Amino acid sequence: MRVVVIGAGVIGVTTAWYLREAGAEVVLVDAAPAPATGSSQANGGMLHASHAEPWNTPGVGLDLLRFLGRTESPLLLRPRALPGLAGWGLRFLWHSRRSLFERHTRLNARLAAFSLREIDRLQRELASEGLDFDFRRCGILKLFQDPASQAHNRAASEAMRDEDVRFEDWDVERIIAEEPALAPVRDRLCGGLFFPGDAIGDAARFTEQLLAIGQRRGIRYYPNVTVRRLRTHRGRIDAVETSEGPIAAEACVVANGYHAPDLLRPLGLHLPVAPVKGYSLTLPMDADCRLNLPLIDDANKVVMTPLGARLRLAGTAEFAGRDRHLNIERAANVLDQCRRTLTGLPANFDPETMAPWTGLRPMSARGTPILGPTAITGLHLNTGSGHLGWTFACGAAALVRAGVLGETPSLPMEGLGL
């Protein structure tokens with residue numbers, strides 16, 4: 001079977017790999033000149049089943065109004081983006097009802113735990129072929145300054161035990177013993193939750209290296225190729241029309257992030273996916289800001305991830321439409337927020353040494369990814385993972401492969417389809 005995969009970010013490349021691993025003939029196309037140039041390039045670096053909650057938490061509408069126009073806030077809604085977000089935004093708020101939010105959190109946690117097992121397998125099997133992306137199953141520590149927030153998170157984590165999410169309660173003394181870099185803020189902390197099953201890794205390196213291995217095994221990759229439309233014949237996918245001409249296809253997987261709705265709309269399919277902007281900084285770790293453990297800072301809504309000799313700082317969710325402009329003020333704010341907890345970080349923002357980055361994450365309105373077949377025979381989806389794209393990549397690819405090849409998926413697909 002010949003399958004065309006559209007999109008060479010971590011989601012598209014992993015999907016292409018899983019299909020090729022199963023024996024399919026795979027053609028991978030992307031408009032960018034290289035893989036992992038979009039939201040896979042410099043994300044937070046965390047692979048976690050422990051933090052699989054959608055962003056449309058109960059009460060998110062009030063939070064968006066409270067932070068409207070405040071550039072220093074962790075959740076920012078740009079007023080100019082409101083017209084383009086109207087339909088998606090109403091669905092986003094509808095799915096913030098507690099019953100739906102809790103259901104979607106469980107679905108995400110189940111998929112994330114499965115995906116972590118899959119990335120473990122790939123890392124073991126392909127290490128000898130050059131798959132080396134600063135992967136560590138070191139666990140992730142979430143820090144709290146507010147006992148009420150810690151209690152709420154503990155209860156939420158307890159509810160996830162059935163989805164293979166384990167955690168440990170750490171007091172402040174245990175936190176400092178395991179992560180001495182936090183000693184200067186000891187008095188601010190009230191405790192933490194440590195999730196031993198979580199992992200970290202560099203999504204961009206994983207994507208680049210997995211594609212290189214895949215090409216050696218027969219994946220045909222075409223960068224700088226724009227997909228213009230999906231061609232159908234008698235209700236099934238027939239070809240993918242591109243800037244370089246048509247590519248015949250028996251099946252097609254659309255995995256090009258927030259661009260996916262543009263391809264589906266002419267076919268009469270509405271895909272509730274919108275871009276949500278995030279920021280990160282990547283700087284060399286030195287003696288003053290060396291971390292043993294990746295940290296999620298509950299109070300300041302940022303993450304800090306050691307990736308080899310580098311430190312990745314990431315945060316913010318900005319609803320700004322398709323604006324990919326790197327706002328230096330927002331990037332500097334990530335540093336300021338992280339420095340409140342990791343005081344050894346540089347006091348001043350330096351774009352030359354801190355590699356600021358921004359990207360648009362494809363977020364589904366309900367908060368779970370949109371995977372699997374559509375009403376068009378042969379057309380499959382792998383998009384909408386939002387801030388969990390790196391975490392979901394291997395698990396989502398395995399589920400989509402099953403749909404393309406007519407196999408039984410490893411997890412129930414209810415709640416994950418279009």
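Remember, it's a predicted structure, so these values are computed and weren't measured experimentally.
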Note to self: Before we go on, tell me: are the rings of F92 and F319 under 6.0 Å apart, centre to centre?
What the structure shows: yes
Note to self: Restricting to non-hydrogen atoms, name the atom on V404 and the atom on A251 that form the minimum distance, rounded to 0.1 Å.
What the structure shows: CG1-CB, 4.1 Å
Margin query: Show, in sequence, the C-alpha distance, side-chain angles and deciding distance for L388 and H48, and conclude whether the side chain to side chain contact (heavy atoms under 4.5 Å, CB included) test is met.
Written below: CA-CA 8 Å; L388 293 166; H48 45 53; 3.5 Å; yes
Item checked: Worked check of salt bridge (Lys or Arg N to Asp or Glu O under 4.0 Å) between R154 and E168 -> CA-CA 9 Å; R154 185 186 298 111; E168 301 168 7; over 6 Å; no
Checklist line | Check: T282/R310 side-chain N/O donor and acceptor closer than 3.5 Å | finding: no
Next item on the list: With the side chain counted from C-beta on, respond yes when L263 and N256 share a heavy-atom pair under 4.5 Å apart, and no when they do not.
Entry: yes
Next item on the list: Flag the pair R205 and D132 as a salt bridge only when some basic side-chain nitrogen lies within less than 4.0 angstrom of an acidic carboxylate oxygen.
Entry: no
Margin query: Give me the atom names and distance for the closest heavy-atom approach of G38 to W357.
Written below: O-CZ2, 3.3 Å
Notebook entry, point to check: If every non-hydrogen atom of G139 is compared with every non-hydrogen atom of P294, which pair is closest and at what distance?
Noted result: O-CG, 3.1 Å
Notebook entry, point to check: Does the cation-pi check pass for R91 over W94, that is, NZ or CZ under 6.0 Å from the six-membered ring centre and within 45° of its axis?
Noted result: no
Check: So does E163 pair up with R110, basic N to acidic O under 4.0 Å?
Finding: yes
Notebook entry, point to check: Does the side chain of V172 come within less than 4.5 Å of I176's, by heavy atoms?
Noted result: yes
Margin query: Are the side chains of F206 and V10 in contact, using a 4.5 Å heavy-atom criterion?
Written below: yes
Item checked: Considering all heavy atoms, the nearest A52-A109 contact -> CB-N, 3.5 Å
Check: When rounded to the nearest 0.5 angstrom, what distance separates CG in L116 from CZ in F392?
Finding: 10.0 Å
Check: What is the ring orientation for W390 with F133, classed by angle as parallel under 30°, tilted 30 to 60°, or perpendicular over 60°?
Finding: perpendicular
Item checked: Spatial distance of atom NE2 (H259) from atom OG1 (T383) [nearest 0.5 Å] -> 10.0 Å
Item checked: Positive for side-chain contact (heavy atoms from CB on, under 4.5 Å) with L345, one of R339, R340, M354 -> R339
Item checked: CA sep, side-chain torsions, deciding dist, call: E25, R20, salt bridge (Lys or Arg N to Asp or Glu O under 4.0 Å) -> CA-CA 6 Å; E25 179 187 351; R20 184 60 193 148; over 6 Å; no
Next item on the list: Answer whether the closest heavy-atom distance between the side chains of L141 and I296 falls below 4.5 Å.
Entry: no
Notebook entry, point to check: Counting only N and O atoms by type, is there a donor-acceptor contact under 3.5 Å from the side chain of N300 to the main-chain atoms of V302?
Noted result: no
Checklist line | For L122 against C394, the heavy-atom pair lying closest together | finding: CD1-SG, 3.8 Å
Next item on the list: List the steps and the verdict of side chain to side chain contact (heavy atoms under 4.5 Å, CB included) for Q215 and R220.
Entry: CA-CA 6 Å; Q215 286 181 278; R220 286 185 287 160; over 6 Å; no
Item checked: Gap between atom NE2 of H51 and atom CE of M46 - 0.5 Å precision -> 8.5 Å
Next item on the list: Mind running salt bridge (Lys or Arg N to Asp or Glu O under 4.0 Å) on R401 and E21 for me, showing each step along the way?
Entry: CA-CA 10 Å; R401 174 187 65 188; E21 188 181 39; 3.6 Å; yes
Next item on the list: Quick one: pull up CG in N56 and CZ in F101 and give me the separation to the nearest 0.5 Å.
Entry: 7.5 Å
Notebook entry, point to check: Between atom CG of L381 and atom CG of L269, what is the distance when rounded to the nearest 0.5 Å?
Noted result: 7.5 Å
Check: Do N382 and V254 pass the side chain to side chain contact (heavy atoms under 4.5 Å, CB included) test, and can you show the C-alpha distance, the side-chain angles, and the key distance before you say yes or no?
Finding: CA-CA 6 Å; N382 192 350; V254 177; over 6 Å; no
Checklist line | SB check K142 D297 (cutoff 4.0 Å) | finding: no
Next item on the list: Inspect the contact between D298 and K301 and indicate whether a charged nitrogen and a carboxylate oxygen are less than 4.0 angstrom apart.
Entry: yes
Note to self: If the condition is salt bridge (Lys or Arg N to Asp or Glu O under 4.0 Å), which residues does R324 pass it with, not counting sequence neighbours?
What the structure shows: none
Margin query: Side chains of L335 and L281, heavy atoms from C-beta outward: is any pair under 4.5 Å?
Written below: yes
Margin query: Suppose the criterion is salt bridge (Lys or Arg N to Asp or Glu O under 4.0 Å): which pairs have a residue in residues 360-370, not counting sequence neighbours?
Written below: none
Item checked: Closest non-hydrogen atom pair, M363 against W88 -> O-NE1, 3.1 Å
Next item on the list: Decide side chain to side chain contact (heavy atoms under 4.5 Å, CB included) for T105 and E102; before the verdict, give the C-alpha distance in whole Å, the side-chain angles of both, and the deciding distance to 0.1 Å.
Entry: CA-CA 5 Å; T105 298; E102 291 176 351; 5.6 Å; no
Margin query: In the structure I gave you, are the side-chain heavy atoms of V253 and L19 within less than 4.5 Å of one another anywhere?
Written below: yes
Margin query: Taking D336 first and then R330, would you say they form a salt bridge - that is, a charged N and a carboxylate O separated by under 4.0 Å?
Written below: no
Just distance, no hydrogens or angles: give the donor-acceptor pairs under 3.5 Å from side chains in residues 189-199, sequence neighbours left out.
| residue | atom | partner | partner atom | Å |
| --- | --- | --- | --- | --- |
| D198 | OD1 | A49 | N | 3.2 |
| D198 | OD2 | S50 | OG | 2.3 |

Check: How many angstroms lie between atom CD1 of I237 and atom SG of C252, to the nearest 0.5 angstrom?
Finding: 5.5 Å
Margin query: Are the side chains of P409 and L411 in contact, using a 4.5 Å heavy-atom criterion?
Written below: no
Notebook entry, point to check: Could you walk me through whether D162 and R106 pass the salt bridge (Lys or Arg N to Asp or Glu O under 4.0 Å) check?
Noted result: CA-CA 9 Å; D162 289 344; R106 287 192 297 271; over 6 Å; no
Check: For E178 and W170, what are the C-alpha separation, side-chain angles and deciding distance, and is it a side-chain hydrogen bond (donor to acceptor under 3.5 Å, both in side chains)?
Finding: CA-CA 10 Å; E178 299 286 350; W170 284 9; over 6 Å; no
Margin query: What I'd like to find out is whether the side chain of S39 reaches to under 4.5 Å of the side chain of P362, using heavy atoms alone.
Written below: yes
